[in-house]
Amino acid sequence: IQEALARAIVLQDSRPNRKNALDFLIQGKLSSQDYAQIILSPLLKDKVKYGTLLETMSAYFANHGNLLKAAEMMFIHRNTMKYRLAQVEKLLEISLSKENDRLKLELALYIYRQNYR
């Protein structure tokens, strides 16, 4: 049983997912486009429904994480910005307060913007 569990864990780690995709990208085992697709997949499944969240993240990162400036850039109230960012965190299962999560997300968004304009 232990051997079967160990194999399952190793096999699970051998496929890219949102938790380990950056490692695969760095090792050259994953293309940048695939990385962006993996990280942003919950938002990309329905661009009509979640397109504003992609724009919200772009504004947030363009303003270096300054909520108020990002809200002003988008002509929305800061509470709306907070709400949208909370939706992003929930959908992507990340925390924007964690530097590592912000890095992964900003990189994925940058790659996505460069390839899918």
Side-chain angles (χ1 to χ4, degrees):
I1 294 174
Q2 288 177 337
E3 186 177 332
L5 285 173
R7 269 197 217 118
I9 291 169
V10 169
L11 288 176
Q12 181 181 8
D13 288 343
S14 67
R15 284 181 251 137
N17 57 49
R18 288 203 319 268
K19 301 286 184 203
N20 66 10
L22 185 58
D23 296 331
F24 277 81
L25 180 67
I26 291 169
Q27 295 169 9
K29 296 178 181 178
L30 188 66
S31 73
S32 59
Q33 292 88 355
D34 289 340
Y35 172 78
Q37 289 290 327
I38 289 170
I39 298 297
L40 300 173
S41 62
L43 300 177
L44 299 177
K45 286 179 182 174
D46 189 349
K47 289 183 190 175
V48 173
K49 185 175 181 180
Y50 298 124
T52 57
L53 296 182
L54 290 169
E55 295 302 319
T56 300
M57 288 187 308
S58 291
Y60 177 76
F61 289 125
N63 288 284
H64 309 289
N66 186 316
L67 256 152
L68 189 56
K69 286 184 180 180
E72 289 172 358
M73 179 181 174
M74 295 191 67
F75 303 104
I76 60 175
H77 192 274
R78 65 181 174 85
N79 288 343
T80 302
M81 177 64 75
K82 279 183 177 181
Y83 174 76
R84 288 181 184 177
L85 292 175
Q87 284 183 305
V88 168
E89 289 179 320
K90 183 178 178 182
L91 286 167
L92 299 182
E93 300 173 346
I94 59 148
S95 173
L96 291 171
S97 62
K98 293 181 181 178
E99 185 176 346
N100 217 17
D101 286 349
R102 282 193 316 272
L103 170 69
K104 290 176 185 179
L105 184 54
E106 188 169 9
L107 178 60
L109 189 61
Y110 176 80
I111 292 167
Y112 176 76
R113 293 279 181 210
Q114 294 301 310
N115 292 300
Y116 301 100
R117 287 184 178 208

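For reference, positions follow the sequence shown, starting with 1.
- Going from atom CZ of Arg102 over to atom OG of Ser95 covers 8.5 Å, rounded to the nearest 0.5 Å.
- Contact check for Leu107 versus Leu22: side-chain heavy atoms found under the 4.5 Å cut-off.
- Nearest heavy atom pair, residue Leu30 against residue Ala21, reads CD2-O, 3.7 Å.
- The shortest non-hydrogen separation linking Val88 to Leu105 is CG1-CD2, 4.1 Å.
- Counting only heavy atoms from C-beta outward, the side chains of Leu40 and Met57 approach each other to under 4.5 Å.
- We find the CD1-OH distance between Ile76 and Tyr83 to be 12.5 Å, quoted to the nearest 0.5 Å.
- Between Asp34 and Phe24 there is no side-chain heavy-atom pair separated by less than 4.5 Å.
- At least one donor-acceptor pair under 3.5 Å links the side chain of Tyr35 to the backbone N or O of Lys104.
- The CG atom of Asn79 lies 5.0 Å from the NE2 atom of His77; values are rounded to the nearest 0.5 Å.
- If you take CG on Asn66 and CE on Met73, they are separated by 12.0 Å, rounding to the nearest 0.5 Å.
- Residues passing the side chain to side chain donor-acceptor pair (under 3.5 Å) test with Lys19: none are found, sequence neighbours excluded.
- In this structure, Leu96 and Tyr60 have side chains that are in contact, with non-hydrogen atoms separated by less than 4.5 Å.
- Atom CZ of Arg15 and atom CD1 of Ile38 lie 12.0 Å apart (nearest 0.5 Å).
- Across all their heavy atoms, Ile111 and Ala36 have their closest contact at CG2-CB, 3.8 Å.
- Side-chain contact check for Glu72 versus Asn63: every heavy-atom pair is 4.5 Å or farther apart.
- Using a 4.5 Å heavy-atom threshold, the side chains of Leu85 and Leu67 count as touching.
- Annotation: side chain to side chain donor-acceptor pair (under 3.5 Å) contacts of Asp23 (sequence neighbours excluded): none.
- Taken to the nearest 0.5 Å, the CG atom of Leu43 stands 9.5 Å off from the OG1 atom of Thr52.
- Looking at heavy atoms from C-beta onward, Leu109 lies in side-chain contact with Arg113 at the 4.5 angstrom threshold.
- Ala70 and Ala59 make their closest contact through CB-O, 3.6 Å (heavy atoms, listed as atom of the first residue, atom of the second, distance).
- Contact detail for Ala71 and Met81: the closest heavy-atom pair is N-CE, 3.4 Å.
- In this structure the side chain of Thr80 reaches within 4.5 angstrom of the side chain of Arg84, judged on heavy atoms.
- Scored by the salt bridge (charged side-chain N to carboxylate O under 4.0 Å, His left out) test, Arg18 finds Glu93 as partners (sequence neighbours excluded).
- Linking ILVMFWY side-chain heavy atoms closer than 4.5 Å, directly or via other members, places Phe61 and Leu68 in two distinct hydrophobic clusters.
- Within 6.0 Å of CD in Gln27 there are more than 12 heavy atoms belonging to other residues, nucleotides or ligands.
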